[in-house]
Amino acid sequence: MHTDSHFFVILQCLDAFEIMAENYEFKENEIFSLEFLRAGSVLKFLPFPVTRMKDIQGLPCMGDRVRDVIEEILEEGESSRAKEVLNDERYKSFKQFTSVFGVGVKTSEKWYRMGLRTLEEVKADKTVKLSKMQKAGFLYYEDLVSCVSKAEADAVSMIVKNTVYTFLPDALVTITGGFRRGKKIGHDIDFLITSPGPREDDELLHKIVDLWKKQGLLLYCDIVESTFTKEQLPSRQVDAMDNFQKCFAILKLCQPRVDNSSDNTSKNLDMAKDKDWKAIRVDLVITPFEQYAYALLGWTGSRQFGRDLRRYATHERKMILDNHALYDRTKKTFLKAASEEEIFAHLGLDYVEPWERNA
Ligand code: DCT
Ligand code: MG
């Protein structure tokens with residue numbers, strides 16, 4: 001049994017690892033970043049507490065950098081390295097910059113080199129050229145950084161399903177991502193759309209967004225066309241983007257306004273309080289029916305769970321797994337799967353429920 005103080009060490013480590021991993025990500029050092037992320041998943045599921053360095057002996061993913069952090073937390077109760085990162089000017093700026101939809105490490109790097117340090121400075125700088133995505137990111141910033149609730153996810157799910165069914169009554173629409181893993185909040189809402197029909201309809205996604213445009217529900221959208229070619233080998237790259245047709249959108253979710261009629265003064269003072277909608281990030285992914293199970297497994301995440309599963313397939317089974325397919329390199333064949341259960345069976349693993357995939 002974990003006692004509170006034993007829990008405390010592990011929680012401290014997880015916090016520190018997350019900060020270290022993020023800082024390495026900002027430095028585009030993927031190897032060091034993954035090292036801390038993996039160590040985090042190992043500690044998260046440790047069946048015993050950590051009270052001294054001996055406890056982590058023999059555990060996987062405990063490199064020197066990771067051990068140094070754990071050792072310091074055991075001795076000092078906190079990690080000076082993680083603390084240093086939190087106070088680091090570059091880290092603080094990157095943290096702000098990347099919180100904007102459409103801004104990644106590359107753009108952050110550019111802004112930082114220009115001498116910009118805060119979002120206010122970016123907004124005030126006339127020489128900064130923003131992409132359409134980043135403009136939307138700044139425009140709806142407050143809404144997008146405030147988390148999406150389960151209730152909002154359910155409301156959006158209704159909208160997505162109703163829209164898809166008007167065009168394709170026998171379509172299968174599934175919520176994926178964190179919400180499928182049972183998370184109560186998220187940064188966006190992810191959906192997979194497929195249909196058992198014989199032909200694929202490239203137009204469906206365009207029809208959906210066109211209707212939303214007409215209905216005034218669409219605040220932003222970027223459609224990426226499918227680049228999948230038949231019998232293409234799965235990607236070996238751990239974090240490769242898949243080739244499905246997809247749409248990164250921002251939807252306008254109308255919310256019933258809480259009636260504060262007794263509170264008229266503040267209402268008149270602050271018009272923003274009268275806003276009865278919220279901007280919500282929504283990803284729609286269209287998949288061919290035969291690839292649906294693989295897409296579902298990939299898009300349910302978590303990101304780390306997906307990485308671990310792909311690494312396992314590669315190293316333990318000589319197979320290549322991605323969001324489209326599973327390829328057996330020994331038999332030189334693609335393994336078909338109609339459900340996630342079948343994919344786990346192909347990999348020789350016990351089925352893992354979505355809500356157990358948070359590592
Ligand atoms: N994913 C993928 N390929 C991509 C993007 C994402 O396979 N190109 C997977 C990894 C996790 C999952 O889809 C959902 O991604 P996110 O929405 O980023 O993460 P989440 O787990 O839903 O968490 P949240 O949205 O709450 O941050
Ligand atoms: Mg998500």
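Not measured: the values here are computed from a predicted model. Each residue takes its place number in the sequence, starting with 1. Indexing begins at 1, ligand by ligand and atom by atom, following the structure's order.
Close contacts between ligand 1 and G177 involve ligand atoms 14 (C), 22 (O) [criterion: under 4.0 Å to a heavy atom]. The G186 neighbourhood of ligand 1 comprises atoms 26 (O), with distances under 4.0 Å to a heavy atom of that residue. Of all atoms in ligand 1, numbered sequentially from 1 with element shown, those under 4.0 Å from a heavy atom of R181 are 21 (O). Close approach of ligand 1 to D188 is summarised as follows: ligand atoms under 4.0 Å from at least one heavy atom of the residue are 17 (O), 25 (O).
Between D283 and R281 there is a salt bridge, since a side-chain N of the basic residue sits under 4.0 Å from a carboxylate O of the acidic one. The residues R357 and E353 are annotated as not salt-bridged, no charged nitrogen and carboxylate oxygen being separated by less than 4.0 angstrom. Using a 4.0 Å cut-off between charged nitrogen and carboxylate oxygen, R52 and D55 count as a salt-bridge pair. By the 4.0 Å N-to-carboxylate-O rule, D88 lies too far from K83 to be salt-bridged with it.
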Could you check T287 against Y294 for side-chain hydrogen bond (donor to acceptor under 3.5 Å, both in side chains), going step by step and ending with a plain yes or no? CA-CA 10 Å; T287 80; Y294 289 101; over 6 Å; no

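Nearest non-hydrogen protein atom to atom 8 (N) of ligand 1 is M241 SD, 2.7 Å. Among protein heavy atoms, atom 6 (C) of ligand 1 sits closest to R303 NH2, 3.6 Å. The nearest protein atom to atom 10 (C) of ligand 1, hydrogens excluded, is given as G298 O, 3.8 Å; this is a heavy-atom distance. If you check which protein heavy atom lies closest to atom 27 (O) of ligand 1, you get H187 ND1, 2.6 Å. Among protein heavy atoms, atom 5 (C) of ligand 1 sits closest to W299 CH2, 3.6 Å. Atom 7 (O) of ligand 1 has as its closest protein heavy atom N323 ND2, 2.9 Å.
Here the two rings, on Y220 and F101, have centers that are under 6.0 Å apart.
With respect to the Mg ion (ligand 2), D188 has OD1 as its nearest N, O or S atom. The atom of D190 that is an N, O or S and sits closest to the Mg ion (ligand 2) is OD2.
Considering backbone and side-chain N/O atoms, G178 comes within less than 3.5 Å of an N/O atom of ligand 1.
Residues R317 and H346 approach most closely at NH2-O, 4.1 Å, considering heavy atoms.
Neither the backbone nor the side chain of D283 comes within 4.0 Å of ligand 1, counting heavy atoms alone. Proximity of D190 to ligand 1, defined as any heavy-atom pair under 4.0 Å, is confined to the side chain (atoms from C-beta onward).
Judged by the 6.0 Å distance and 45° axis criteria, K275 is positioned over the aromatic ring of W277.
Under a 4.0 Å heavy-atom criterion, K183 is in contact with ligand 1.
Here the side chain of T107 pairs no donor or acceptor atom with the backbone of V103 at under 3.5 angstrom.
With W299 as reference, D242 is the one residue of D190, T176, D242 to meet the side-chain hydrogen bond (donor to acceptor under 3.5 Å, both in side chains) rule.
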